[in-house]
*Asks:* 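Please read through the structure below; I'll follow up with questions.
So you know, we letter chains A, B, ... as the sequences are listed, proteins then strands, and number each from 1.
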Protein chains: 2
Amino acid sequence: MKPKPKPKAKAPAKRRGLGAYPRPSVTVDVVLLAAVPARSALHALVVRRSEPPFGGRWALPGGFVGIDEPLDAAARRVVREKARLADVFMEQLYTFGSPRRDPRGRVITVAYYALVDEARFRQAAAEAKGEVAVARLDVGWEGETGGPVDVVSEHESGAALPLLLAFDHGEIVGMAVKRLRGKLDYTPVGFQLLPPSFTLRQLQDVHETVLGRPLNKDSFRRRILASGLLDATGERQDDVDHRPAELYRFGRQSAT
Amino acid sequence: MKPKPKPKAKAPAKRRGLGAYPRPSVTVDVVLLAAVPARSALHALVVRRSEPPFGGRWALPGGFVGIDEPLDAAARRVVREKARLADVFMEQLYTFGSPRRDPRGRVITVAYYALVDEARFRQAAAEAKGEVAVARLDVGWEGETGGPVDVVSEHESGAALPLLLAFDHGEIVGMAVKRLRGKLDYTPVGFQLLPPSFTLRQLQDVHETVLGRPLNKDSFRRRILASGLLDATGERQDDVDHRPAELYRFGRQSAT
DNA sequence: GAAATAGTGTCTTTAAGACAGTATGTG
DNA sequence: CACATACTGTCTTAAAGACACTATTTC
């Protein structure tokens, strides 16, 4: 029923409908990130592949896009199913479509990145233990140079086993870090990596973790407060062994 | 081993290969932009649709992605076929996948934006006269607020006929402008909207056209020259009726 | 020489960095 | 009271804006 007349020409001569063109599979993959200032590193959630291709290796949580499902909804569903998390900040990252990125056939993936605070991230990882793993990202470049990052397993001992990611997922993770660093330069997305209320110090720690470099404390305070995006809650920390700091809250709700 | 208790589940139970999931059509659409400082506006190339859906309306140049064709290659092919242009700066913009964006069925489009200098743009539009039109973009928002832009036909009289774009192409154009403005804040992409050698004044005019606001001349010169991205050619303008300015050249070749 | 734009030097304004000093909690 | 961190005030430094002035071309 589909002769596929393709010696060289791409577009068929007569049939012009959607059916005239072979269709690729389309998936979404999500880089779910949390900042871990204690280790000066970003962590990402990875899942073990149980089947070929790349069976046994680690991959980003992902899945096929339903034929009637919006892309954002697919990404959200993947996070819900694989990480059991809802209501996370999420943005489209980039679409990867190299013809040979999946040995099974043509698969185009729309990559997203998602940000959660460390507590939710750890809880999610613990609940899905066995199916998922926490990967630490060692970023080998500065600023927004870009490029792949080293992905290593996070052991309590501190030992760092390299994790081989399936497909082009290493590249995707690298782009997520690059994008996040870029955003941090002009908007304090760090909010999304913290619980609803937080101190300025915590926000600075998160920013430093993402950017991979120390920031000036005074200037950071001034800049963030001047942006007007934070509202003081009037409350303070209470479980610290020193003067407790004011707690702030993200002033405007950010979409998607 | 994995019961999958999902009454509302979409994925088939047994078949796990690519064939198990219905596939959407995938296209690329390109926002081909040129800056026209004389009109203080960006111009985009649009093509008239000859067939439904949206027959008779204007659309971005686009086409289906070949089953073995990289996304970038498809975008490049579209620009070559529809605008007869090669070697243009081009970057992926965003992927639009609302299930109802095309009445024929599920079509996901990977949008790109491309930049050319005004001369090449006009020549391309003239050569394909009848098939394509030049649309002027009236950006109704400042900075990087974002949102759709008014797309009007460019008449020599100055009259502005609104152009109704097909599909969600108005949204795509708006996002292209937003992205371009954003990039201009930290990198002088304006190069790509000018011929190989140009004066600082021309570059500033282009930046002002894209950003939609005037820039400080002194500060612009300092900033651009300090960036080190420009090389002086040693040559000067020769067809102007005043003191000719030094011509500069983009120092590093930018990929894709 | 007049007109027009290119290019330079310098003052002012503003944001970032440095750092000293005060405030407020725990033990 | 010692200690730790939060917070404030001020000086210094670097970048951006403003603006006066000089330079070089065409007519």
*Asks:* Could you tell me the separation between the CG atom of B:Asp185 and the P atom of D:dA16, rounded to a whole number of Å?
*Replies:* 12 Å
*Asks:* Taking side-chain contact (heavy atoms from CB on, under 4.5 Å) as the definition, give me every residue that meets it alongside A:Ala59, ordered by chain and number, with sequence neighbours left out.
*Replies:* A:Arg49, A:Ala166, A:His169
*Asks:* Would you check if the side chain of B:Arg136 reaches a backbone N or O of B:Ala41 as a donor-acceptor pair within less than 3.5 Å?
*Replies:* no
*Asks:* Begin with the C-alpha distance, continue with both residues' side-chain angles, and end with the deciding distance and a verdict on side chain to side chain contact (heavy atoms under 4.5 Å, CB included) for A:Glu131 and A:Val47.
*Replies:* CA-CA 6 Å; A:Glu131 303 167 41; A:Val47 302; over 6 Å; no
*Asks:* Quick one, which residues of residues 202-225 of chain B touch DNA chain D with a heavy atom under 4.0 Å?
*Replies:* B:Asn216, B:Asp218, B:Ser219, B:Arg222, B:Arg223
*Asks:* Not counting sequence neighbours, which residues clear salt bridge (charged side-chain N to carboxylate O under 4.0 Å, His left out) with B:Glu118? List them please.
*Replies:* B:Arg122
*Asks:* Can you check whether A:Val116 reaches A:Val79 side chain to side chain, under 4.5 Å on heavy atoms?
*Replies:* no
*Asks:* Quick one: which protein N/O atoms are closer than 3.5 Å to N/O atoms of nucleotides 24-27 of chain D? Pair and distance per line, please.
*Replies:*
{"from": "D:dT24", "atom 1": "O4'", "to": "B:Arg243", "atom 2": "NE", "distance (Å)": "3.4"}
{"from": "D:dT25", "atom 1": "O2", "to": "B:Arg243", "atom 2": "N", "distance (Å)": "3.4"}

*Asks:* For the pair B:Phe250 and B:Phe191, name the ring-plane relationship: parallel under 30°, tilted 30 to 60°, perpendicular over 60°.
*Replies:* parallel
*Asks:* May I ask you to say what A:Gln237 touches in the nucleic acid, namely base, sugar-phosphate or nothing, with a heavy-atom cut-off under 4.0 Å?
*Replies:* nothing
*Asks:* Distance only, no hydrogens: is a donor on one side chain within 3.5 Å (strictly under) of an acceptor on the other, for B:Ser197 and B:Thr233?
*Replies:* no
*Asks:* Start with the C-alpha gap between B:Met175 and B:Phe96, add the side-chain angles, then the distance that decides, and say whether side chain to side chain contact (heavy atoms under 4.5 Å, CB included) holds.
*Replies:* CA-CA 11 Å; B:Met175 192 171 281; B:Phe96 296 80; 3.9 Å; yes
*Asks:* Of all nucleotides in DNA chain C with an atom under 4.0 Å from a non-hydrogen atom of chain A, which is the first and which the last going 5' to 3'?
*Replies:* C:dA16 to C:dT26
*Asks:* Do any side-chain atoms of residues 81-89 of chain B form donor-acceptor pairs under 3.5 angstrom with protein atoms, and if so which ones, sequence neighbours left out?
*Replies:*
{"from": "B:Lys82", "atom 1": "NZ", "to": "B:Gly62", "atom 2": "O", "distance (Å)": "2.9"}
{"from": "B:Arg84", "atom 1": "NH1", "to": "B:Glu81", "atom 2": "O", "distance (Å)": "3.3"}

*Asks:* With a 4.0 Å cut-off on N to O distance, would you call A:Asp205 and A:Arg201 a salt bridge?
*Replies:* yes
